[in-house]
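Here's the structure, in C-alpha cells; my notes come after.
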2 protein chains.
Amino acid sequence: MATRRPTYSFKTPCERCPLRAIATFREFSSEELEFVSKFKRCELAVDAGATILVEGAHSAHLFTVLSGWGFRYKTLEDGRRQILNYVMPGDLIGLQGTIMGEMQHSVEALSPVSLCVFERDKLMTLYNKHASLAFDITWIAAQEERILDEHLLSIGRRTALERAAYLIAFLFERGKRLKLFNGEASIPITQQHVADTLGLSIVHTNKTLKKLANRNLICWQERTCEVIDGDGLMAAAGWEGLGEKVRPFI
Amino acid sequence: MATRRPTYSFKTPCERCPLRAIATFREFSSEELEFVSKFKRCELAVDAGATILVEGAHSAHLFTVLSGWGFRYKTLEDGRRQILNYVMPGDLIGLQGTIMGEMQHSVEALSPVSLCVFERDKLMTLYNKHASLAFDITWIAAQEERILDEHLLSIGRRTALERAAYLIAFLFERGKRLKLFNGEASIPITQQHVADTLGLSIVHTNKTLKKLANRNLICWQERTCEVIDGDGLMAAAGWEGLGEKVRPFI
DNA sequence: CGTTCAATTGACTCGGCTCAAGCAACGTGG
DNA sequence: CCACGTTGCTTGAGCCGAGTCAATTGAACG
C-alpha cells in the first residue's frame, strides 16, 4: 500500500464539529467553544496503517480524533508488542508527550483517521483561562486510567476466552456509543491486533476467537470482526460494561 | 490483628511537609502553598492491612499519601484479584472517585499509612484559581497512565522472570527516589502481592522469585523483599527505569 | 502450645506457545 | 489476464511454562 503523505487542512469548524452531535459528549458553553476554535490549529488526515505518534518522540503534538480507529502500543527491544488501548473519535492523544515531554508509546491508525491538531503552546492558556476545560482534560486522563485498570485486570486475571470476549465487547460498546456502526457492527482489527492486546500468541488467539464464533457471538471476515451478540460477549467475559454516560471532549 | 479505627488528626502543617524536603518533588510557590494549606482538611492514619478506599464507593475523599506503602487493586466476582499499582508518599489517591463519581478500584495499606485529607468540594476552586496546581493534577494522572502502560506491557509480553524482576526493580526505584530506605532496601510485600500483580499463581511466583534470589538479586525474609542488586534486576527485566526527574505533588 | 499465615517444594495436569503447513483474498508486474 | 508474492486466517503436532493439589516448615500470635 502506497501510504500517501499525511494531509493537512482546515475543514470542519468547531461550531459544526460532528462529534458535538453525538449524545455521549457533553455540551460546550459558547465561550468554551470559542476558545477551542482558536486552540485548534488545523486538521490532519492519515491512512490506515500510518503511524501517528512514535515512542521516544519529543515535540509531540496534541490531537483529538475526529474520525477513524487507531491503537496505542509499546514494544520491547526484541520486538514483542503490547497494544495498550484503542483510540476512537473524541479521544485525546499525545497528552503524555505534551505534559511530560516525551512520548512513551506509539499510536497507529487502523482505518483512515482524521485528527484535530491543537496548539501545544496554548495548553497553558487553557489551564489559566478555562478551568472547566482543564478539568475535562483531567477527566479524560482519569478515564484512560480507568480503562487501563480494567485491561490490566483482564490480562492479569481473566482466561483467554474471557479476555477475548471482554476486548471485543469493550470495542463494540465504545463504537456503539459513538454511533460508528450502521447496521453491521464491524471492528477494523486483525487477529494479530487481538493477540497483541491480550498478551497471547496469534495461534492461540485464533483458536480462542473460533470458540467465540462457534458460540455465535462474533464472526471474522475480511480483516474485521463482526459482533453478532454484544450481550453474549459481556456475559462470556463477566464484564459489566463501561457504565459511563456523558463525557467531555476537547 | 485488631485493626484500630482510623485516626484523624491535624499534625503536619504544609509549610513543614516532610515531602517537600525530598529532592524529586517540585517546589511550591508561596501562593500555592497557602492554598494547599487550606485545601488540606486533616490527616488520617491507618494500620497495615486496612482498606483505605473501596471499589464502588461513591463519596470518596481525595488523599495524598504522606508516609507508608499501599496498593490499588480490582477483583473479579469469583475473587480473582489484580493489583494495579502501588501507592507511596506523594501519590494522590481517590482522584477517579472525586472526578467521576465512583471508585472503580480499592486501595489497601501495606504498612501503617498516613494521609493528607483534602476537601473534595474545593477541587473546583483549585481548578479555577490555581492553574498550575490543576496542571499538576493532570500531570499526576498522566504519570499514573504511563506507569499502567508499562505494567500492561510487562504482564502482556514479558516472561515470568522478567516480570518479577521488573516489578521489584520498579518498587525499588520508587522507594529509593523517595528516600524510603535506610541501609537495607526492604519492600513490605508478600509473595501473594507479587503474584496478584504479575498475574501468576503463588506457587509459580515463589519458584520465580527463588530464581532471582539464586542469582543474588534479592532475598526474601519476614514478609518483605530485600533488594540486593537493583541494577541486576533492571538488567534481568530489560527495563530502563522510570526516567522521571522532578515531579509535582499536592 | 495450638493456630494461622507466609514461604517452600514435589507431583501431576493443562493452557498456551512454537513449529509447520495450507489456504484464500489481494495487489502488482509482466 | 495470469503468475507471483504478500498478508491474514486456519489447523495439527508436540512441548513447555504455569496452574492446581497437597503437604511441610517456621515464625508470629494469642
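Note: hydrogens, waters and symmetry copies are ignored here, and every other heavy atom, side chains too, is used. Each chain gets a letter, A, B and so on, in the order the sequences are listed, and its residues count up from 1.
- Remark: Gln191(A) is in phosphate contact with dT10(D), judged by side-chain N or O atoms under 4.0 Å from OP1 or OP2.
- With sequence neighbours left out, Ser186(A) forms a side chain to side chain donor-acceptor pair (under 3.5 Å) with Glu226(A).
- Residues in residues 73-85 of chain A take part in these side-chain hydrogen bond (donor to acceptor under 3.5 Å, both in side chains) pairs, two or more places apart or across chains: Asp78(A)-Arg80(A), Arg80(A)-Glu162(B), Arg81(A)-Asp196(A), Asn85(A)-Glu144(A).
- Residue pairs meeting the ring pair (Phe, Tyr, Trp, His ring centres under 6.0 Å) criterion with at least one member in residues 140-159 of chain B, sequence neighbours excluded: His151(B)-Tyr166(B), His151(B)-Phe170(B).
- dA6(C) atom P lies 8 Å from atom CD of Gln192(B), rounded to whole Å.
- Among residues at least two apart or in separate chains, ring pair (Phe, Tyr, Trp, His ring centres under 6.0 Å) pairs with a member in residues 176-199 of chain A are Phe71(A)-His193(A), Phe172(A)-Phe181(A).
- The interatomic distance linking Arg223(B) (CZ) with dT4(C) (P) rounds to 14 Å, in whole Å.
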Using a 3.5 Å cut-off and no angle test, enumerate the donor-acceptor pairs between side-chain atoms of residues 227-242 of chain B and protein atoms at least two apart in sequence or in another chain.
unit_1: Asp229(B); atom_1: OD1; unit_2: Asp231(B); atom_2: N; d: 3.3
unit_1: Asp229(B); atom_1: OD1; unit_2: Gly232(B); atom_2: N; d: 2.8

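- Sorted by first then second residue, the side-chain hydrogen bond (donor to acceptor under 3.5 Å, both in side chains) pairs that include residues 202-214 of chain B, not counting sequence neighbours, are Gln191(B)-Asn206(B).
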Only distances under 3.5 Å count here; give the side-chain donor-acceptor pairs of residues 110-117 of chain A to other protein atoms, sequence neighbours excluded, each with its distance to 0.1 Å.
unit_1: Ser111(A); atom_1: OG; unit_2: Trp69(A); atom_2: N; d: 2.9
unit_1: Ser114(A); atom_1: OG; unit_2: Ser67(A); atom_2: OG; d: 2.9

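- When the side chain to side chain donor-acceptor pair (under 3.5 Å) test is applied to Arg177(B), no partner is found at least two apart in sequence or on another chain.
- Taking five base pairs at each end of the helix from dC1(C)-dG30(D) to dG30(C)-dC1(D) and finding the rotation axis that steps the C1' atoms of four pairs onto the next four gives two axes whose angle is 30°, to the nearest 10°.
- Looking at residues 156-165 of chain B, you'll see Ala160(B) sit with a heavy atom under 4.0 Å from some atom of DNA chain D.
- Of the possible polar contacts, one joining the Ser106(B) side chain to the Glu55(B) backbone as a donor-acceptor pair under 3.5 Å is found.
- A search for side chain to side chain donor-acceptor pair (under 3.5 Å) contacts involving Thr12(A) returns Glu43(A), not counting sequence neighbours.
- Contacts of residues 195-221 of chain A with DNA chain C (heavy atom under 4.0 Å): Gly199(A), Leu200(A), Ser201(A), Val203(A), His204(A).
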